[in-house]
Chemist: 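Below you will find the structure I want to go over with you.
Order of appearance sets the numbers: ligands from 1, and atoms from 1 within every ligand. FYI, the numbering just counts along the sequence from 1.
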Amino acid sequence: MSADSKKYDFLKKTNSVEEYVPPDYYNELLKPYVFSGKTDLDIFREYLENLNEAHNVLELCSGSGRVTDVAIRTLPNADLTLSDLSQRMLNYTKERFKRSNVVDYLQGDAVEIASKLDGQYDLIYTLWGFSHSVHQHVHKSGIEKTKKILRASLEKMFKNNLRQGGSFYLVHFDSMSDEQRILMRQWQRVYPAFSDISTQTPSKQMIDEILHDLDNRNVITLAEKHLVGDPIMYEDENTLLEIFLNFHLETYFNNLDCLPTVIDDIRNCIKQYKNPDGTYSIGTGCYIYEVKKR
Ligand SMILES: C[S@@+](CC[C@H](N)C(=O)[O-])C[C@H]1O[C@@H](n2cnc3c(N)ncnc32)[C@H](O)[C@@H]1O
């Protein structure tokens with residue numbers, strides 16, 4: 001056991017990519033993401049309130065149901081299908097929403113699910129999760145092959161599984177935010193796809209390229225917004241390290257030899273965000289893609 005593991009009890013936790021972070025622990029660690037006074041959930045609620053019609057609805061990467069809860073309350077007459085790679089996340093939402101308008105649960109990889117859908121939806125949405133799927137494809141198959149897979153999957157989904165006038169909503173993290181810059185430095189140690197951290201991630205770049213192309217070809221209409229988040233406040237260094245290592249980095253580094261280097265690097269990076277009272281304030285950001293099928 002390393003000195004760090006003895007010092008930080010939370011480093012004993014580990015989970016696989018497929019399981020993801022346990023749902024209750026996810027809920028416990030997640031801090032509110034606020035953009036000019038509105039959370040990501042407030043912004044999504046307002047988006048839903050302005051939709052004309054959304055009866056058949058699909059959520060990709062639904063996680064513990066944080067966003068689903070907003071959809072259920074805002075669209076009480078819709079039929080919702082939830083999807084996630086993690087079976088334990090789906091089990092959790094099945095229990096959480098057993099008396100609701102959630103009608104189906106699909107376990108699997110989001111990009112693959114999008115390529116195999118057979119229903120037609122009025123709305124498909126995904127917040128903070130789709131990049132996980134894209135990057136898993138990148139790590140397995142490389143950038144060029146993933147681009148083809150993603151393009152085919154999204155194009156097929158828009159053409160066959162979104163009704164005319166239907167909507168697609170995607171929230172993607174901004175890897176140039178203070179928070180993500182610290183995290184990208186760590187992912188870069190283990191994933192060659194993140195070798196250039198001076199720019200947006202492969203996932204963001206591919207989604208941009210494909211959606212802009214579909215827009216130019218009149219398949220969709222695309223609006224993309226960049227939101228700069230209010231800095232997130234961490235009570236102290238230990239709290240921050242637990243959230244960074246076990247939530248953002250998904251415990252990936254907890255058993256690796258480079259763990260002490262990762263911890264030292266995060267400690268070093270966060271010095272500039274330390275407040276006089278010992279708390280830390282670290283900036284966030286995201287991109288919101290709002291798509292309409294033509
Ligand atoms: C950061 S959480 C976001 C959850 C939820 N959308 C929210 O905003 O609270 C990422 C989610 O993506 C899921 N995930 C990871 N890889 C995935 C993949 N390849 N396909 C689908 N979901 C995936 C995880 O299990 C997790 O539930």
Chemist: Angle between ring planes, Phe244 versus Tyr234, binned at 30° and 60°: parallel, tilted or perpendicular?
Modeler: perpendicular
Chemist: Just by modelled atom types, is the Asn254 backbone N or O under 3.5 Å from a matching donor or acceptor in the Lys13 side chain?
Modeler: no
Chemist: Who's closest to atom 7 (C) of ligand 1 heavy-atom-wise, of Trp128, Tyr26, Tyr125, Tyr92?
Modeler: Tyr26
Chemist: Heavy-atom distances under 4.0 Å decide this one: backbone, side chain, both or neither, for Asp109 against ligand 1?
Modeler: both
Chemist: Judged by non-hydrogen atoms, does Phe130 sit under 4.0 Å from ligand 1?
Modeler: no
Chemist: Are any side-chain N or O atoms of Lys31 and backbone N or O atoms of Met233, one a donor and one an acceptor, separated by less than 3.5 Å?
Modeler: yes
Chemist: For atom 15 (C) of ligand 1, which of His132, Glu250, Gln87, Gln107 has the closest heavy atom?
Modeler: His132
Chemist: If you measure only the distance, is there a donor-acceptor pair under 3.5 Å linking the side chains of Arg185 and Gln188?
Modeler: no
Chemist: Might you confirm whether atom CG of Asn216 has over 12 heavy atoms from other residues, nucleotides or ligands at distances under 6.0 Å?
Modeler: yes
Chemist: Heavy-atom contacts with Gln136 under 4.0 Å: which atoms of ligand 1 show up? List them by number with element.
Modeler: 15 (C), 16 (N), 17 (C), 18 (C), 19 (N)
Chemist: For His248 and Tyr33, take the angle between the two ring planes, folded into 0 to 90°, and tell me which bin it lands in: parallel under 30, tilted 30 to 60, perpendicular over 60.
Modeler: perpendicular
Chemist: In the protein, what heavy atom is nearest to atom 1 (C) of ligand 1, and what distance, to one decimal place, separates them?
Modeler: Tyr20 OH, 3.2 Å
Chemist: Can you pull out the closest protein heavy atom to atom 22 (N) of ligand 1? Residue, atom name and distance to 0.1 Å, please.
Modeler: Leu85 N, 3.3 Å
Chemist: As a check for students: among Thr126, Ile113, Asp84, identify the option with a heavy atom nearest to atom 13 (C) of ligand 1.
Modeler: Asp84
Chemist: Report yes or no: does Arg163 contribute a side-chain atom to a donor-acceptor pair with the main-chain N or O of Tyr121 at less than 3.5 Å?
Modeler: no
Chemist: Just to check, does Ser64 reach to within less than 4.0 Å of ligand 1 when the distance is taken from its heavy atoms?
Modeler: no
Chemist: Please confirm whether the backbone N or O of Leu85 pairs with a side-chain atom of Gln107, one donor and one acceptor, at under 3.5 Å?
Modeler: yes
Chemist: Provide the number and element of each atom of ligand 1 under 4.0 Å from a heavy atom of Ser86.
Modeler: 25 (O)
Chemist: Run the numbers for me: atoms of ligand 1, each under 4.0 Å from some heavy atom of Gly108, listed by number.
Modeler: 20 (N), 21 (C)
Chemist: Tell me whether Ser153 contacts the main-chain N or O of Ile149 through its side chain, where contact means a donor paired with an acceptor under 3.5 Å.
Modeler: no
Chemist: Specify the protein heavy atom at minimum distance from atom 20 (N) of ligand 1: its residue, its atom name, and the distance to 0.1 Å.
Modeler: Ala110 N, 2.9 Å
Chemist: Look at atom 8 (O) of ligand 1 and say which protein heavy atom is nearest, naming residue and atom and giving the distance to 0.1 Å.
Modeler: Arg66 NH2, 2.8 Å
Chemist: Of the protein's non-hydrogen atoms, which lies at the shortest distance from atom 5 (C) of ligand 1, and what is that distance?
Modeler: Cys61 O, 3.5 Å
